[in-house]
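What follows is a short report on a single structure.
No hydrogens, no waters, no symmetry mates; every other heavy atom, side chains included, goes into these values. Residue numbers start from 1 in every chain, and the chains themselves are labelled A, B, ... in the order their sequence lines are given, proteins ahead of strands. Given the structure is predicted, the values throughout are model-derived calculations rather than measurements.
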Number of protein chains: 2
Amino acid sequence: MKESESKLENRNIKPTAMRELVLSVLSEQTAAISLADLEQTFEKADKVTLYRTLKTFEENKLIHSIDDGTGSVKYALCKETCQCHPEDLHVHFLCTKCKKTYCLNDIPVPSVNLPTRFTLENINMVIKGICSNFHR
Amino acid sequence: MKESESKLENRNIKPTAMRELVLSVLSEQTAAISLADLEQTFEKADKVTLYRTLKTFEENKLIHSIDDGTGSVKYALCKETCQCHPEDLHVHFLCTKCKKTYCLNDIPVPSVNLPTRFTLENINMVIKGICSNFHR
DNA sequence: GTTAACTTTGCAACTTGGTTGCATCAATTT
DNA sequence: AAATTGATGCAACCAAGTTGCAAAGTTAAC
């Protein structure tokens, strides 16, 4: 069995050809990509199918979405063990020059002392700035 | 001179009637509000005017915007001294039950040790969960 | 192996939030 | 008062995301 196949099945996603393709595209990325980005890597693929594929992946925690404030949601692969719980989350970085959004996998989202009676479910932390590609 | 007038002028915003009205609505809020919310508080006001008013306010740092991932940007008043620099920023909280977005003014955005060659400009940190209104 | 049941895919069309262009109106300046 | 500048309002547009439905593909049952 192909690796992509088992990755999908591990997350209880039926491994169709389309899904394996999308997964492989996602695996190649160094930055998070949007639905539109994904669409453009395929010459001929329906936006809606890709959209639903991403939704399925996200629901099953194969990928996570990042709202970086640019108006288009980005997606990136989760780590094998990720359950998308607060302790699994990492910081994201949006470069205002190159417009790319990176997972800073090594930087966990810092914990916050919420006032009592506030229950935490999820945290979205996006840092904007200039990335190393523009500092060289 | 009215207080709202001077608040506007302090931020170099020409105090028109419309702008004073919008400012007063913003002042009344306990949660951040969207353009659509704002539109509804006025019986008769053009969406575009309100939109541009918010833009002007934001550019001049009278208010700040929060992208809470709901698909509509929210706005809230800045503190008097706010320059919207990283050290001025606070955490925001989106309640998944009541759908309101609150400024947690007392909780500064925690500082993050970025890898070298990453320059920080801004941070958006939104915590999702359930707010006190639903814990009573 | 054929039929039935279910899932995925693809097309069209729509919704919503945000945005721009342009004409009009108000206010400030000379 | 005429001229310049800025604010407002209407219409129309744009992009991202989303839904409905039919066609194609897959799986299961007989």
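- In this structure, B:P110 and B:M125 approach most closely via the heavy-atom pair CD-SD, 3.6 Å.
- Taking the six-membered ring for Trp and thresholds of 30 and 60 degrees, B:Y102 and A:F118 have ring planes more than 60 degrees apart, a perpendicular arrangement.
- Across A:C84 and A:C82, no two heavy atoms sit closer than the pair N-SG, 3.1 Å.
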All N/O donor-acceptor pairs, side-chain side in residues 38-54 of chain A, below 3.5 Å, sequence neighbours left out:
| unit_1 | atom_1 | unit_2 | atom_2 | d |
| --- | --- | --- | --- | --- |
| A:T41 | OG1 | A:L38 | O | 2.8 |
| A:D46 | OD2 | A:V48 | N | 3.1 |
| A:T53 | OG1 | A:T49 | O | 2.7 |

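- Spacing between atom CG of A:L21 and atom P of C:dT9 amounts to 10 Å, rounded to whole angstrom units.
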Quick test: give all pairs of protein nitrogen or oxygen and nucleotides 14-18 of chain C nitrogen or oxygen below 3.5 Å, distance rounded to 0.1 Å.
| unit_1 | atom_1 | unit_2 | atom_2 | d |
| --- | --- | --- | --- | --- |
| C:dG17 | O3' | B:G71 | O | 3.3 |
| C:dG18 | OP1 | B:V73 | N | 2.7 |
| C:dG18 | N7 | B:K47 | NZ | 2.9 |

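- Atom CZ in A:F42 sits roughly 15 Å away from atom C1' in C:dG10 (whole-Å rounding).
- Although no hydrogens or angles enter the test, the distance criterion places a donor-acceptor pair under 3.5 Å between the side chain of B:D88 and the main chain of B:Q83.
- B:T96 contributes a side-chain N or O that, together with a main-chain N or O of B:G129, makes up a donor-acceptor pair within less than 3.5 Å.
- Here salt bridge (charged side-chain N to carboxylate O under 4.0 Å, His left out) pairs that include residues 58-75 of chain A, with residues two or more places apart or in two chains, are A:D68-A:K74.
- The closest donor-acceptor contact from the side chain of B:H64 to the backbone of B:A76 lies under 3.5 Å.
- If you chain together hydrophobic residues whose side chains sit under 4.5 Å apart, B:V73 and B:L77 fall into the same group.
- In this structure, the CG atom of A:L8 is 14 Å from the C1' atom of C:dT8, given to the nearest Å.
- Rounded to whole Å, atom P of D:dG25 lies 17 Å from atom CD of A:E20.
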Pairs under 3.5 Å (N/O, protein and nucleotides 25-30 of chain C):
none

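- Rounded to whole Å, atom P of D:dA7 lies 12 Å from atom CG of B:N12.
- As rounded to whole Å, 14 Å separates atom P of C:dT7 from atom CD of A:E59.
- Annotation for A:E80: atom CD does not count as buried by contact number, only 12 or fewer foreign heavy atoms lying within 6.0 Å.
- Clustering of Ile, Leu, Val, Met, Phe, Trp and Tyr by side-chain heavy atoms under 4.5 Å joins A:L94 with A:I66, A:V126.
- Protein atom CG of A:L50 is 14 Å distant from nucleotide atom C1' of C:dC11, rounded to whole Å.
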Filtered N/O pairs between nucleotides 8-11 of chain D and protein, under 3.5 Å:
| unit_1 | atom_1 | unit_2 | atom_2 | d |
| --- | --- | --- | --- | --- |
| D:dT8 | OP1 | B:T16 | OG1 | 2.9 |
| D:dG9 | OP2 | B:T49 | OG1 | 3.2 |
| D:dG9 | O6 | B:R52 | NH2 | 2.3 |

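- Taking atom CG on B:N60 and atom P on D:dG6, their separation rounds to 14 Å, with Å as the unit.
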